[in-house]
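First comes the structure, then the notes that go with it.
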Amino acid sequence: MSFNKSIFGEGDVSFKNVKFYADEVSFEYCEFKGHVLFQSLTDQKTLSKFSLRHSSFDKSLDISDNTFNCIPDLTNTKLTNQVSLDRMEISDNYPPKGDFDKSDGERLCRLKELAEANKNHQQALDFHVIEMRAKRYNTKLIKGKTPHMWLDILFDSGSRYFCESLFWASQPKQAAKT
């Protein structure tokens with residue numbers, strides 16, 4: 001389903017609780033002048049592509065309360081207001097066939113950047129974990145699934161604890177009042 005190069009006027013655009021009867025949904029090169037809501041999509045797990053690439057948003061964008069089986073594409077978007085990614089997740093089953101797409105790293109990097117801007121550190125870490133998997137998969141040094149599987153097991157077991165420890169260690173300490 002393609003809405004590419006559409007221009008949405010000053011009014012709000014709501015796709016809340018909508019079921020797209022397609023496995024690919026594209027809003028590339030669109031202009032949204034009002035608030036945009038993709039909250040709580042119905043059957044979002046059936047989507048193999050959800051793209052807002054190269055679109056501009058003059059007001060807020062909300063894609064919260066969704067678990068995607070694809071990586072939403074927000075690369076090269078112009079965002080002038082808040083982007084809500086609350087409770088938006090990438091399914092644990094991603095990638096469905098075990099093969100990462102070459103542009104997954106770029107899309108995940110953008111999602112991580114937006115989560116960091118929203119001060120959602122846990123979500124940023126989650127996106128970072130998947131981003132590192134995608135980048136490892138697409139490196140020329142270790143092609144194939146077996147080395148990736150072992151690296152992912154090692155990375156999963158220690159990375160969250162290690163990253164959270166670094167985050168909390170980097171926070172300024174407050175002096176005790178006497």
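Numbers here are sequence positions counted from 1. Keep in mind that this is a model prediction, so the values were computed, not measured.
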Mind running side chain to side chain donor-acceptor pair (under 3.5 Å) on Ser51 and Arg107 for me, showing each step along the way? CA-CA 10 Å; Ser51 180; Arg107 290 192 295 261; over 6 Å; no
Answer with yes or no whether the side chains of Ser26 and Asn4 bring together a donor and an acceptor at under 3.5 Å. yes
Which distance, rounded to the nearest 0.5 Å, do you find between the CZ of Arg87 and the CG of Asn120? 10.0 Å
Value rounded to 0.5 Å, distance of CD in Gln123 from CG in Asp86: 7.0 Å
Walk me through whether Thr80 and Asp58 qualify under side chain to side chain donor-acceptor pair (under 3.5 Å). CA-CA 6 Å; Thr80 54; Asp58 292 347; 4.8 Å; no
Return the minimal non-hydrogen interatomic distance between Ala124 and Lys112, and the atom names on each side. O-CG, 3.6 Å
Does Leu111 reach the side chain of Pro72, with side-chain heavy atoms less than 4.5 Å apart? yes
Between Thr42 and Asn17, is any side-chain donor less than 3.5 angstrom from a side-chain acceptor? no
Could you tell me whether the side chain of Leu74 reaches within less than 4.5 Å of the side chain of Leu114, counting heavy atoms only? yes
Please report the closest heavy-atom contact between Phe8 and Cys30, naming both atoms and the distance. CE1-SG, 4.3 Å
Determine whether a donor-acceptor pair (N or O, by modelled atom type, separation under 3.5 Å) exists between the side chain of Ser48 and the backbone of Asp23. yes
Flag side-chain contact, heavy atom, 4.5 Å: Val83 against Leu85: yes
With a 4.5 Å cut-off on side-chain heavy atoms, are Leu61 and Leu79 touching? yes
Answer yes if the side chains of Gln82 and Asn118 hold a donor-acceptor pair under 3.5 Å, and no otherwise. yes
Do Ser103 and Glu106 have side-chain heavy atoms sitting under 4.5 Å apart? yes
Do Val36 and Asp62 have side chains that approach each other closer than 4.5 Å (heavy atoms only, starting at C-beta)? no
Check whether any side-chain heavy atom of Phe100 lies under 4.5 Å from a side-chain heavy atom of Arg133, and answer yes or no. yes
Examine distances only and state if a side-chain atom of Asn69 and a backbone atom of Leu47 form a donor-acceptor pair shorter than 3.5 Å. no
Non-hydrogen side-chain atoms of Ser64 and Met88 separated by less than 4.5 Å: no
Looking only at heavy atoms, the pair that brings Gly105 and Ala134 closest together is N-CB, 4.1 Å
Residue list, side-chain contact (heavy atoms from CB on, under 4.5 Å) with Tyr29, at least two apart or on another chain: Lys5, His54
Distance alone, cut at 3.5 Å: any donor-acceptor contact between the side chains of Arg53 and Thr75? yes
Would you say the rings of Phe15 and Phe20 are close, in the sense that their centroids are separated by under 6.0 Å? yes
Quick check, are the ring centers of Phe27 and Phe38 under 6.0 angstrom apart? yes
